[in-house]
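By convention in this document, chain letters (A, B, ...) are assigned in the order of the sequence lines, proteins followed by strands, and residues within each chain are numbered from 1. What's counted below: heavy atoms across the whole structure, side chains too, no hydrogens, waters or symmetry copies. Just so it is clear, the structure is predicted and the values come from calculations on it, not from any experiment.
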Amino acid sequence: MSNSPEQPIAEQPIVNRIAKLARIHLDQQQLESSGNKLEQILDFVSQLEQVEISEDVSPFFGAIESVNAIREDQLTPSVSREKILDNAPESDGEFYLVPPVFRNTDS
Amino acid sequence: MNHASNPQSTNRRVVRFDQSEIIIGLEVHVQLDTDSKLFCGCSTRFGGAANSQTCVVCTGMPGSLPVINQHALELSIRAGLSLNCQIAQSTKWDRKNYFYPDLPKGYQISQFDQPICGPGYLDIEAVENSSQPRRIRIERAHLEEDAGKSIHDESNRGQNSKIDLNRTGTPLLEIVTQPDLRSAAEAKSFLSELKLILNYIDVSDCNMQQGNLRCDANVNLHIPFGEEKIATPIVEIKNLNSFRAVERSITHEAQRQFEAWQENGFTIADAPKQTRGWNDHTQSTTLQREKEDSADYRYFPDPDLIAVKIEEVQIQQIKSQLGSLPSDLRKLLIERYNLKSADATVMVSQGRGVVNYFLEVADGCENSRIANNWIGQEVLRQLNESNQTIDQYPVSPQQFTELLKLVIAGTLDQTRGKEVLNEMVEHCISSQEAIKRLGIKPVDNRELVTLCEKLIAENQEVIEQIQSGNAKAIGMLIGQARKLNPNANPGLIKEMLSKMISS
Ligand SMILES: [Zn+2]
């Protein structure tokens with residue numbers, strides 16, 4: 001995933017690749033506009049690089065500083081199958097039904 | 001690269017398969033033995049009705065929030081300590097993004113750069129053809145949630161796939177080794193030792209039929225070629241769910257890679273890592289997909305979960321409750337109880353319950369050799385035949401000790417002792433009661449003399465055989481003696497007969 005700084009991100013295959021990974025289809029026009037938007041976001045975020053941080057500050061991963069939100073290993077009632085399968089685009093009352101999944105098995 | 005050039009290809013044909021070295025690393029997924037799932041209170045029980053054990057959290061409904069299961073953390077630390085791993089002081093959760101129908105959120109909650117367990121190792125016993133025990137380094141072990149189960153239409157008529165999400169969110173510990181294993185047999189040995197350890201420390205039942213221990217194997221070859229050593233492209237064999245599949249797939253894959261290299265000369269620099277699946281029916285691996293590089297999963301910290309800090313005192317507390325590991329017990333049985341290495345291995349492989357039973361009986365009767373013979377053979381056979389565990393065995397260690405004391409004292413010979421044991425097992429009674437039921441009585445000396453005189457009088461032919469040097473013929477007399485009086489001790493009869501015949 002190399003993107004050289006002089007080349008605008010929109011013209012690089014990277015936008016296409018991100019779209020593919022996210023299972024989104026983008027036409028040529030959408031590709032360009034998404035690329036531009038991504039670039040604006042990166043520009044905006046890159047302001048953070050100007051902040052001076054001393055070496056001894058360790059990286060921070062969450063928006064809150066607390067730790068150890070933990071629960072006991074205890075059972076709580078599950079949602080009934082009927083109710084949960086109501087959310088499925090398709091089901092047979094027992095299972096979720098999805099388009100056939102084919103595995104690529106040519107060796 | 002010049003792969004196709006003929007002289008090279010001819011040279012490659014000269015190299016033999018057995019000159020190459022197999023390099024294997026394993027990724028083992030173990031289901032942790034919790035009651036509830038990793039991030040919600042749904043049950044982890046196996047075999048429930050499809051989609052009856054799910055909720056808004058494990059099906060990934062918008063707005064639901066995961067909360068980590070304390071017990072899953074403890075079990076992971078326990079496993080890490082038993083594998084000599086460094087336990088993280090702080091561990092966090094990341095999203096591993098990919099699309100598959102049995103992954104409802106579109107990502108799996110896993111651990112990317114701060115796994116709960118860091119580097120460690122596991123020592124394995126020597127396997128055949130290799131005289132040394134081996135230390136296999138563990139790279140890391142991290143916690144993650146399992147995906148659901150897909151049932152694909154196998155009729156090939158393009159029917160829908162069915163999804164059951166009961167397993168979704170079940171806690172898994174993924175244990176990753178360094179590429180330190182050098183043969184299929186070593187891989188199998190590593191897995192059986194790992195399975196035994198996790199059983200001993202109650203982290204997982206490792207039931208492979210239920211998929212509670214699954215394994216991926218990374219395999220390639222180092223082939224000496226001229227002055228250099230060639231490495232073949234790495235292949236990951238996915239989802240091996242039996243020891244046999246692990247052993248056979250690695251053996252097959254190594255051979256396949258060697259032939260492919262002879263054919264095309266491709267090295268690790270020429271091809272990306274490949275994923276192949278093991279097919280039990282055809283006994284071969286088949287290509288699944290080119291492995292995405294790690295960035296394709298677009299790991300990022302899960303904003304719904306916060307870090308977990310693990311205090312040293314918590315680690316020490318878990319460590320103090322760990323109990324003896326299989327390797328400790330093998331050592332104890334060999335050094336303190338004088339068992340042969342092979343016998344100690346068998347005893348320990350039966351699980352902690354059997355080892356404790358043995359220790360109690362061996363201490364009680366003060367004869368570890370006889371305790372090992374009787375437990376290693378009779379008890380294990382009976383448990384196997386009745387498909388019971390040692391907790392269900394009807395003879396308590398105390399009762400067993402009483403029986404062995406009678407055998408050691410010579411009051412019961414081996415054969416009668418076994419009859420008594422069978423009676424004890426069948427009727428759940430003590431050795432004294434069993435002896436009474438079987439009508440076993442001590443035989444006094446006068447009775448023995450009468451019995452021997454009768455045998456000599458009635459078997460002149462046999463006596464002549466013995467006198468002319470066929471010492472083994474005495475066995476026939478002892479057999480007859482036992483028919484006439486089952487309580488007669490064969491050792492005493494033999495002694496007495498020999499004396500009477502030679503005088
Ligand atoms: Zn749930």
Which residues in residues 77-85 of chain A have any heavy atom lying under 4.5 Å from a heavy atom of chain B?
S78(A), V79(A), R81(A), I84(A), L85(A)
Which portion of D113(B) sits near chain A, non-hydrogen atoms under 4.5 angstrom:
side chain
Within a 6.0 Å radius of atom CZ on F99(B), are there more than 12 heavy atoms belonging to other residues, nucleotides or ligands?
yes
Between the side chains of S284(B) and H252(B), is a donor N or O closer than 3.5 angstrom to an acceptor N or O?
no
Top of I151(B), V67(B), N279(B), L165(B) for chain A proximity - count of heavy-atom pairs under 4.5 angstrom:
V67(B)
If I measure from the heavy atoms of chain A, does I310(B) come under 4.5 Å with its side chain, its backbone, both, or neither?
neither
Let's test your reading of the structure: which of N87(A), I18(A), L75(A) forms the most heavy-atom pairs below 4.5 Å with chain B?
L75(A)
Heavy-atom nearest pair, N68(A) first then I306(B), reads N-CD1, 4.1 Å
Do NZ/NE/NH1/NH2 and the carboxylate oxygens of E259(B) and R256(B) come within less than 4.0 Å?
no
Is chain A contacted by the side chain of L38(B), its backbone, both, or neither, given a heavy-atom distance below 4.5 Å?
backbone
Students often mix this up, so state it plainly: with edges at 30° and 60°, are the rings of F258(B) and W261(B) parallel, tilted or perpendicular?
tilted
Against chain A, label A49(B) side chain, backbone, both or neither, depending on which of its atoms sit under 4.5 Å from a heavy atom there.
both
Got a sec, which pairs hit salt bridge (Lys or Arg N to Asp or Glu O under 4.0 Å) with one end in residues 99-108 of chain B, sequence neighbours left out?
K105(B)-E145(B)
Please classify the contact between K162(B) and chain A as side chain, backbone, both or neither, with a heavy-atom cut-off of under 4.5 Å.
both
Using 30° and 60° as the class boundaries, would you call the ring planes of Y299(B) and F112(B) parallel, tilted or perpendicular?
parallel
Under 3.5 Å, is there a donor-acceptor pair between the side chain of D304(B) and the main chain of P66(B)?
no
Could you tell me which portion of Q114(B) (side chain, backbone, both or neither) has an atom closer than 4.5 angstrom to a non-hydrogen atom of chain A?
side chain
Give a yes-or-no answer on whether the side chains of Q288(B) and T275(B) include a donor-acceptor pair shorter than 3.5 Å.
no
Show the numbers, then the answer: is there a salt bridge (Lys or Arg N to Asp or Glu O under 4.0 Å) between R17(A) and D296(B)?
CA-CA 9 Å; R17(A) 185 174 137 96; D296(B) 268 13; 2.6 Å; yes
Please flag which part of C40(B) lies under 4.5 Å from any non-hydrogen atom of chain A: side chain, backbone, both or neither.
backbone
For R71(A) and S36(B), which I'm curious about, is there any donor-acceptor pair between the side chains at under 3.5 Å?
yes
What part of F39(B) gets closer than 4.5 Å to chain A, counting heavy atoms only: side chain, backbone, both or neither?
backbone
Checking heavy atoms, do the side chain of S52(B), its backbone, both or neither come under 4.5 Å from chain A?
backbone
